[in-house]
**Q** 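Below is the structure I would like to discuss, written out as structure tokens.
One-based numbering, in listed order, for ligands and for the atoms of each. This one's a predicted model, so the numbers in the text were calculated from it and none came from an experiment.
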Amino acid sequence: MTKYIFVAGGVISGVGKGVTTASIAKLLQACGFKVTAIKIDPYLNYDAGTLRPTEHGEVWVTDDGGEIDQDLGNYERFLGIDLPKKNCLTSGQIYKTVIDRERKGEYLGETVQFIPHIPEEIKKRIIEASKGYEIAIIEIGGTIGDFENIPFLFAAKRLERDLGKENIIYVLVTYLPIPSHMGEMKTKPTQQAIRMLSESGIFPDFIVCRSKMHVDAVRKKKIETYANIKSEHVISEPDIDTIYRIPLDLAAEKLPEKILAELELEPKKSPDLSQWAELVDRVANPKKAVRVAMVGKYVATGDFSLSDSYISVNESLKHAGAALNCKVQIDWIDAKKLEDKANVAKMLKDFEGIIVPGGFGASGVEGKINAIQYAREHKVPYLGLCYGMQLAVIEFARNICGLAGANTTENEKDTPHPVIDMLESQREILKQSDFGGTMRLGAYVAALRKGTLIADLYKDRMKEDAPKIAALEKDPAQKFRIGKTPTDFAVIERHRHRYEVNPQYIEQIEAKGMLFSGHHVKLDGTKLMEFMELPGHPYFTGTQAHPEFKSGLGRPAPLFYGFVKACCESK
Ligand code: GLN
């Protein structure tokens, strides 16, 4: 039977509830349990695909094509497992299912109500996503006291009644501010969060206290008394240098053992985090450093965090850096500023590497293309992710193949040379559906070309992916992810895009020296370019995929590893 851990947040959002959830999951996994993690997002969007990136940061993509909140990214990065899209529940999905069912008459004339029908559907989905796991950890998005949280808390309570309290625990991740004019850590907001949670009949079994510094004994005592829990269940989680240290800190607080005891479980093994600790040490105290220019589209106003839009790329660079004992310092370069050619060398000359990450639309595109040209001509290591590969192909077509005005039809419908174009089959999908879910989404298999740089970088990953490809082959619903691609020398990466390298230009481009080192063959026989490299350049690679969705500490994504290594060498 599955045991459940619900994690809710108190006081304010953004204090690291997701990372705490991922860390707890990792620790329980290290104790020998089969653990999964589930995110509940209380918004009404059906999925994160249509959320405004400037408010919500990057969209995470799962193997099965889900467009999900980035917290799922933290779970995957920490747990090292591929989670399916059903592990992200939104209020939108819940309400839609209930209303659709009502319209089909499946409630047999019952009055369909907020309570109990909504929590019942939530409960059903949690149980479904937890099947096959010994422990499921469920993070409830938002903050206690939000109206939209209520049905989820209600569902947790129902599950507790069905399964018994020994099978469910609650963790409250709260925040203890230290107002600067007082210089004192305040527990009052946490007390209020505890009271609000209790209004749903839920009493936390553990309280994780996020704050600038350690929570002292006096304050721990206050919280302990107020929440009426054991003092060793009040856990201090102060700010630290890197999020990857959190599992180590929580392990030092013996949190996994305490949680297991509360769930009436014995650890199957004592967690060995020595390798993880070594990597964390390298993240915190690297031997060398390189500077990387991330040329992207940034919103200059407001106070949202710019770097959040590319969080997986940032983390992937950290993972590669940890493997190479190298700090990767990322500078955010607004592509618009590079549209003026006079700025390009000035702004890019101090970097060991250049990345153009994924993106959409025409804004800043010519600046990105200028940056790519600079990287190619000055032999600066370059990594192009999705849009970054498409634009590298455009740059090469214009400046090396002599295809003046080459472009993507995403930005210029009537370009004389549509080297990046939407393929007919994708156009069909777009015509049939609404705007949500019209992209090539999720894992696709790519056959690699032997003897290429890409094949060399992927040699270990290829072995890891072989059983995953075999599993796809057996699943009729997922077989399209292989299509007609040869699978004997192949890898899997995740996708999120509409446009592709136009097959009509491949011969012409390759004749001039750009090498497409991996491809996918669709069921209809269309050949899609998945990887690109430039022989003779120290490191110039691109992929139509998003390798940043499959990177973790201790298992860096091959293209990022190759990129950071080349940056180190170029220095
Ligand atoms: N805009 C491009 C496309 O839709 C690239 C998308 C991306 O970078 N994720 O194909």
**Q** Give yes if a backbone or side-chain nitrogen or oxygen of L385 is under 3.5 Å from a nitrogen or oxygen of ligand 1, and no if not.
**A** no

**Q** Could you establish whether E500 and ligand 1 come within less than 4.0 Å of each other, counting only heavy atoms on the residue side?
**A**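 Distance cut 4.0 Å: E500 fails for ligand 1.
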
**Q** At less than 4.0 angstrom from any non-hydrogen atom of E410, what atoms of ligand 1 do you find?
**A**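 Result: 1 (N), 2 (C), 3 (C), 4 (O).
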
**Q** Are any of the side-chain nitrogens in E548 or R77 under 4.0 Å away from the carboxylate oxygens of its partner?
**A** no

**Q** Whether R125 and E128 form a salt bridge (side-chain N of Lys/Arg under 4.0 Å from carboxylate O of Asp/Glu) is what I want to check.
**A**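 R125 and E128: not salt-bridged.
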
**Q** Can you name the one residue among T409, T408, T415 that meets side chain to side chain donor-acceptor pair (under 3.5 Å) with D421?
**A** T409

**Q** Which residue holds the protein heavy atom closest to atom 6 (C) of ligand 1, what is that atom called, and what is the gap in Å?
**A**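 Minimum-distance protein heavy atom for atom 6 (C) of ligand 1 reads G359 O, 3.3 Å.
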
**Q** Tell me the protein heavy atom at minimum distance from atom 9 (N) of ligand 1, and give that distance in Å.
**A** R496 O, 2.8 Å

**Q** Starting from atom 4 (O) of ligand 1, which protein heavy atom do you reach first, and at what distance in Å?
**A** R498 N, 3.0 Å

**Q** Hey, is the main chain of Y43 close enough, under 3.5 Å, to the side chain of D41 for a donor-acceptor pair?
**A**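 No, D41 side chain to Y43 backbone: no donor-acceptor pair under 3.5 Å.
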
**Q** How close do K318 and Y244 get, heavy atom to heavy atom, and via which atoms?
**A** CD-CE1, 4.4 Å

**Q** Between Y444 and F480, what is the ring plane arrangement, given parallel below 30°, perpendicular above 60°, and tilted in between?
**A** perpendicular

**Q** Using distance alone, decide if ligand 1 has a nitrogen or oxygen within less than 3.5 Å of any nitrogen or oxygen in Y499.
**A**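 Yes.
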
**Q** I'd like to know if the side chain of N502 reaches the main chain of P418, judged simply by a donor and an acceptor atom lying under 3.5 Å from each other, with no hydrogens or angles considered.
**A** yes

**Q** Taking only heavy atoms of G358, which atoms of ligand 1 are found under 4.0 Å from at least one of them?
**A**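 Within the 4.0 Å cut-off of G358, ligand 1 contributes 8 (O).
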
**Q** Report the part of Q390 (side chain from C-beta onward, or backbone N, CA, C, O) that has a heavy atom under 4.0 Å from ligand 1; answer both or neither where that applies.
**A**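 Answer for Q390: side chain.
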
**Q** With a 4.0 Å cut-off on N to O distance, would you call D460 and R555 a salt bridge?
**A**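 Between R555 and D460 there is no salt bridge, as every charged N stays at least 4.0 Å from the carboxylate O atoms.
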
**Q** For ligand 1, which part of M439 has a heavy atom less than 4.0 Å away: the side chain, the backbone, both, or neither?
**A**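 Under 4.0 Å from ligand 1, M439 contributes no heavy atoms.
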
**Q** Which bit of H497 gets closer than 4.0 Å to ligand 1, counting heavy atoms only: side chain, backbone, both or neither?
**A**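 Under 4.0 Å from ligand 1, H497 contributes backbone and side-chain atoms.
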
**Q** Looking at non-hydrogen atoms alone, which of P357, G384, C386 comes nearest to atom 7 (C) of ligand 1?
**A** C386

